[in-house]
Trainee: 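Have a look at this one before I ask anything.
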Amino acid sequence: MSVKLAGDLQSGNVVIVENLPLVVLKAQYNKSGRNAAVVKLRMKNLLTGRVSEPIVKADEKMEQIILEKKECTFSYSAPPVHVFVDSDYNQYEIDAETMSDVEKYLMPDMKDVVEVTFYESKPISVVFPKVIVREVEYTEPVTRGDTSGKITKTAVLKHSKHELQVSAFVEIGDSIEIDTESGEFRRRC
Amino acid sequence: MNRWDIFCRVVDNYGDIGVCWRLSRQLTEEQGVSVRLWVDRLDAFAVMCPTVRPGVPQQVIDGIEICSWVEKFPATEPADVVIEAFACEIPESYRAAMAKRLSAGPQVPPVWINLEYLSAEEWVDGCHGLASPGSETSLRKFFYFPGFTSDTGGLLRERGLLRARDAFRQQGIRAFWGRERFRLPSTPRKDIAGRASSGTLKSHPLGSAGREDARELRVSLFCYENPVLPALLECWAAAPVDIRLLVAPGWPARQVAAWCGAPLELGDFVRRGALTIQALPFLPQAEYDELLWACDVNFVRGEDSFVRAQWAARPFVWQIYPQTEGTHLVKMEAFLKRYLTGFPQGEAISDLWQLWNEAAAEESSRDSKDLAIAWKNFVSRRTEIDQHGREWAERLDRTGDLANNLAEFVMKRRAGVSP
């Protein structure tokens, strides 16, 4: 654990506040009066996912922690947990609730390498690669003459049954790229 | 919710204690709360409020308990509401007592507020009322920002202030200028030797009665150190109309005295060309308000007098508190953007303000000729600026006043309502 001034915080930094690990999503630095400054922070609780917007003096000392991260692959699901394994074949159980935002991208025999973050040896988050490829299990046929790609329609992913908007030309059985940060369709492979 | 502790550190000048004293009085008189004001420099406070006795660690004035904030802070039961003015840090022992009260159980914890500096910048709206998490305890401190929109805490304005201002303008101005400290005597109280630059200082040749009725431009001066001031004094001395300059003590009086080439003491008045200079004592807040209401143009500085000049609704020139890296100029621009919206003659104000402030930041390459032009333009638009000032004050009035907004904010926090 190290000390960092609030005015030096950047997005991605993790600090301990009131005994909770919070990741900085955004730090807005503003000079107030008499050469003092304040920082408005947008922070996410790594344990609960709750987002908050506190304000602190720029010269306030914050306890920064460097979280351990490991590259893992998905092994199997055993509700209510999902099991991941690292390159040394250590297994980690992660609560489905913890990864509710990305659970929809899980699939059997998934080859994507994910980044698992640990806080006090406990896995607290899973980050997928920015772009992943998934198969479309179902989508309505394209309307004749409407293949520009500007019109979107709903598609259902194989395994997860997750629905998202794709271009009109995407068909059943197509592989598509998905941006995991925005959750949006990128292109057909 | 009835006991409030306000902590004030006098860092420099009198702005900190000016705001805290004004807030304390308003909370006591209008919100019916019991205020204890902790001040680290009672001597500075006594300058503004002569009834304060600097050597007395605990005293009551106007129903407010005033306590000396000493380094070895006494064991004190925390109040229901705790305000640290301008981000001054409250004593560690006091904070510990607040935390203890929080952990004690069913009692409602104190509402802890950092009263921030005034700024017109847009980011203030998004920061007002946010909480600052405590690092070791669950005590949260709320950042309360004064400001110019309904998304901020507003500005200090006593109930009935604007009515009192208007009544004064209708009936009180003549009596005001007749008061001993504002009346020009028929003979000078002190002869000040002339200086040899472009004119000679001499005693005022006029009798008092005739002079006070004469139409002259009356200007109040309250500023920080400002290298532009001598050029402005020269400009006023050469003005086509008579100007009476009422000079506050401290920096303004010292700089004017340097220009005069002789000390400028309380009660002195000197004349050079069209300019008559009158040295004032440090006025109590209520009387300073009247001075702002009575003068044709007010030069103000910092925060407290800046706000009062806006309520006075007379043409005014603001010297903002200088900051490093020209930050204050950004803040001044932010205010001008709000203040001049919908005012077609805005350049008459902004040109003079910029010269008055940029030079203080040593970033100006413009000379005294620019200043003379800017002053001339400003004065020639005085009627329009006056009207605009009235409309601006009415607009500010609609956002509510800071003390009342603060009391409502505290009530909501105690009721558990999130900002």
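All chains are named by letter (A, B, ...) in the order of the sequence lines, taking the proteins before the strands, and each is independently numbered beginning at 1.
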Trainee: Is chain B contacted by the side chain of A/Val15, its backbone, both, or neither, given a heavy-atom distance below 4.5 Å?
Mentor: neither
Trainee: Short question: side chain of B/Gln323, backbone of A/Ser32 - any donor-acceptor pair under 3.5 Å?
Mentor: yes
Trainee: I want to check something: taking the side chain as every heavy atom from C-beta on, are A/Lys40 and B/Trp123 in contact at a cut-off of under 4.5 Å?
Mentor: no
Trainee: If I measure from the heavy atoms of chain A, does B/Glu303 come under 4.5 Å with its side chain, its backbone, both, or neither?
Mentor: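 Looking at B/Glu303, nothing touches chain A.
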Trainee: Taking B/Lys141 for the side chain and A/Val56 for the main chain, is one N or O donor matched with an acceptor at less than 3.5 Å?
Mentor: no
Trainee: With only heavy atoms counted, which part of B/Thr324 is less than 4.5 Å from chain A, the side chain, the backbone, both or neither?
Mentor: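 For B/Thr324, heavy atoms of backbone and side chain both lie under 4.5 Å from chain A.
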Trainee: Would the distance check show the side chain of A/Lys57 and the main-chain N or O of B/Ala87 forming a donor-acceptor pair, the cut-off being under 3.5 Å?
Mentor: yes
Trainee: Got a salt bridge between B/Arg140 and A/Glu18, using NZ or NE/NH1/NH2 to carboxylate O under 4.0 Å?
Mentor: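 Salt bridge flag = yes for A/Glu18 with B/Arg140.
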Trainee: I need the A/Lys31 NZ to B/Lys331 NZ distance, nearest 0.5 Å.
Mentor: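 Output value for this atom pair is 9.0 Å.
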Trainee: Write down the atom of A/Gln28, the atom of B/Cys127, and the distance for their closest heavy-atom approach.
Mentor: OE1-SG, 4.2 Å
Trainee: How about B/Phe145 and A/Ile55: do any of their side-chain heavy atoms sit closer than 4.5 Å?
Mentor: yes
Trainee: Flag yes if more than 12 heavy atoms outside B/Arg338 fall under 6.0 Å of its CZ atom; otherwise flag no.
Mentor: yes
Trainee: What are the two closest non-hydrogen atoms of B/Ser132 and A/Glu60, and how far apart are they?
Mentor: OG-OE2, 4.3 Å
Trainee: A quick test of your reading: do over 12 heavy atoms of other residues, nucleotides or ligands sit less than 6.0 Å from CZ of A/Arg50?
Mentor: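 Check fails, neighbour count at 12 or below.
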Trainee: Given heavy-atom pairs under 4.5 angstrom as the criterion, report whether the side chain, backbone, both or neither of B/Glu116 touches chain A.
Mentor: side chain
Trainee: Hey, is CD on B/Glu122 packed in by over 12 heavy atoms from elsewhere, all under 6.0 Å?
Mentor: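 It does not: B/Glu122 CD has 12 such atoms or fewer within range.
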Trainee: Counting only heavy atoms not in A/Glu115, do more than 12 sit closer than 6.0 Å to its CD atom?
Mentor: yes
Trainee: Does NZ in A/Lys153 sit with more than 12 non-hydrogen atoms of other residues, nucleotides or ligands closer than 6.0 Å?
Mentor: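 Counting neighbours around NZ of A/Lys153, more than 12 heavy atoms of other residues, nucleotides or ligands fall under 6.0 Å, so yes.
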Trainee: Take a 6.0 Å sphere around CG of A/Asn90 and say whether it holds more than 12 heavy atoms from other residues, nucleotides or ligands.
Mentor: yes
Trainee: Check whether more than 12 heavy atoms from other residues, nucleotides or ligands sit under 6.0 Å from atom NZ of A/Lys44, and answer yes or no.
Mentor: no
Trainee: Looking at B/Tyr117, does the NZ or CZ of A/Arg34 lie under 6.0 angstrom from its six-membered ring centre and within 45 degrees of the ring axis?
Mentor: no
Trainee: Can you establish whether the number of heavy atoms outside A/Lys130 located under 6.0 Å from its atom NZ is more than 12?
Mentor: yes
